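Beneath this line is the structure, given in structure tokens, with notes to follow.
The shown structure was predicted, so the numbers you read here are calculated from the model rather than taken from an experiment. So you know, we letter chains A, B, ... as the sequences are listed, proteins then strands, and number each from 1.
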Amino acid sequence: MVAETKKIMGKDIKVTATCVRVPVFVGHSESINIETEEFLDEHEARDILREAPGIMVVDKREDGGYVTPVECVGDFATFISRIRQDSTIDNGLNLWCVSDNLRKGAALNAVQIAEVLGQRCLKKG
Amino acid sequence: MGYRVAVVGATGNVGREMLNILAEREFPVDEIVALASRKSMGTEVSFGDKTLKCKDLDTFDFTGWDMALFAVGSDATKIYAPKAAASGCVVIDNSSLYRYDPDVPLIVPEVNADAVLGYQKKMIIANPNCSTAQMVVALKPLHTARRSSGLWSRPINPCRVRVKRVSTSFGTRPKASITRPTTSPPRNSPSRSPST
């Protein structure tokens, strides 16, 4: 996860991760704590994520106002919930991220690569 | 005019899903072939409304095929991906084998689609780990965000990302769940409405 993130996003990003397998049929869940160089307000972050490709923001401060793995099954989107300021550091954001690991995590991403390859390189479709 | 596409490991969880998604997204396919190990030869897999019979990966000639989506383990990938690439067929590999190879682009299209041009070095493109893919989709828009007021002239750049992750044992989707639930509560709720 560390090496891959650097290869995709650039070597300056620092990542630490702990991964465990849990008894869930489908879906990966990640609690992500982000530290940015400059302050980013949680409302602003929510707006940015709402507009971003591949993301569905489900973030309501009520019971069930966030996504759990069972709801991501079969979906193309990466679901983002619980977007909140981390008050323990100056420029911190926390979020909860859930996606179908067989779709975005594997087969969908491969097909999206095939689409980009076709459109930009092979140009037959 | 479309592409000639091979799905390698077509009887596995990821391979079957690749076929589903190619059909769902109406990928421009002229011809599609499902490949698997010899013991799965003849096994039927679905591609949209059609049924494909798996062919033997070991004896398959990739010449004239445009791309091959690989969803087999690193050991089989090591044997067959270079074979496909040498035949001029671009490999999109889901295994971990080539992910750190500097001559192989590692791509999440929402994040670094431009890197696709690097496929020519080895005719191979790597697909990242499932946990990485969803995380970078979330990080990229924050990483490149610019404040609209113009106060910031440069990207916000998360300099440090701490991640705690909980994962399932991936690839173990039970067969029963292939019939996907048609409803999922949060998606039906007004998820894009402003939240507090």
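- Hydrophobic clustering (ILVMFWY, side-chain heavy atoms < 4.5 Å, transitive): A:Leu40 and A:Leu95 are in one cluster.
- A heavy-atom distance below 4.5 Å is not found between the side chains of B:Tyr100 and A:Lys7.
- A:Phe76 and A:Leu102 end up in the same hydrophobic cluster when Ile, Leu, Val, Met, Phe, Trp and Tyr side chains are linked at under 4.5 Å.
- One hydrophobic cluster, built from ILVMFWY side chains closer than 4.5 Å, cannot hold both A:Met1 and B:Val104; they sit in different ones.
- In this structure, the side chains of B:Leu142 and A:Thr36 stay at 4.5 Å or more apart for every pair of heavy atoms.
- Counting only heavy atoms from C-beta outward, the side chains of A:Cys97 and B:Met135 never approach each other to under 4.5 Å.
- Other residues, nucleotides and ligands contribute over 12 non-hydrogen atoms within 6.0 Å of the CD atom of A:Glu62.
- Interface with chain A: from residues 106-126 of chain B, residues B:Leu106, B:Ile107, B:Val108, B:Pro109, B:Glu110, B:Val111, B:Asn112, B:Ala113, B:Asp114, B:Val116, B:Leu117, B:Tyr119, B:Ile125, B:Ala126 qualify, criterion being any non-hydrogen pair under 4.5 Å.
- The local environment of NZ in A:Lys6 is crowded, with over 12 non-hydrogen atoms from other residues, nucleotides or ligands closer than 6.0 Å.
- A heavy-atom distance below 4.5 Å is not found between the side chains of A:Ile113 and B:Leu69.
- With contacts defined as side-chain heavy-atom distances shorter than 4.5 Å, the pair A:Leu122/B:Met67 qualifies.
- Contact count versus chain B (heavy atoms, under 4.5 Å) is highest, among A:Val116, A:Thr5, A:Leu117, for A:Leu117.
- Only the side chain of B:Val90 comes within contact range of chain A, with at least one heavy atom under 4.5 Å from a heavy atom of that chain.
- In this structure, OH in B:Tyr3 is found 10.5 Å from CD in A:Glu115, a value given to the nearest 0.5 Å.
- The backbone N or O of A:Ala106 lies less than 3.5 Å from a partner atom in the side chain of B:Asn127, making a donor-acceptor pair.
- Looking at A:Val2, neither its backbone nor its side chain comes within 4.5 Å of chain B, counting heavy atoms on both sides.
- Under the 3.5 Å distance criterion, the side-chain polar atoms of B:Gln134 are left unmatched by any main-chain donor or acceptor of A:Lys104.
- Pairing each heavy atom of B:Ala138 with each of A:Ile55, the nearest pair is CA-CD1, 3.9 Å.
- Hydrophobic cluster membership differs between B:Trp65 and A:Val111, with clusters built from Ile, Leu, Val, Met, Phe, Trp and Tyr side chains linked at under 4.5 angstrom.
- Considering CG of A:Asp100 and SG of B:Cys130, their distance stands at 10.0 Å, rounded to 0.5 Å.
- Under the 4.5 Å side-chain heavy-atom criterion for grouping Ile, Leu, Val, Met, Phe, Trp and Tyr, B:Met18 is not connected to B:Leu97 through any hydrophobic cluster.
- Counting heavy-atom pairs closer than 4.5 Å to chain A, the top-ranked of the candidates B:Val5, B:Val7, B:Ile21 is B:Ile21.
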Start with the C-alpha gap between B:Leu139 and A:Ile13, add the side-chain angles, then the distance that decides, and say whether side-chain contact (heavy atoms from CB on, under 4.5 Å) holds. CA-CA 10 Å; B:Leu139 292 181; A:Ile13 195 162; 4.1 Å; yes
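- Annotation: the span from B:Asn94 atom CG to A:Asn109 atom CG amounts to 8.5 Å, rounded to 0.5 Å.
- Only the side chain of A:Ile80 has a heavy atom closer than 4.5 Å to any heavy atom of chain B.
- Contacts between A:Ile83 and chain B at a heavy-atom distance below 4.5 Å are absent for every atom of the residue.
- Of all heavy-atom pairs between B:Val14 and A:Ala107, the closest is O-CB, 3.8 Å.
- Proximity of a side-chain donor or acceptor of A:Glu4 to a complementary backbone N or O of B:Asn129 within less than 3.5 Å is detected.
- For the set B:Val136, B:Thr132, B:Leu19, the count of heavy-atom pairs under 4.5 angstrom toward chain A peaks at B:Thr132.
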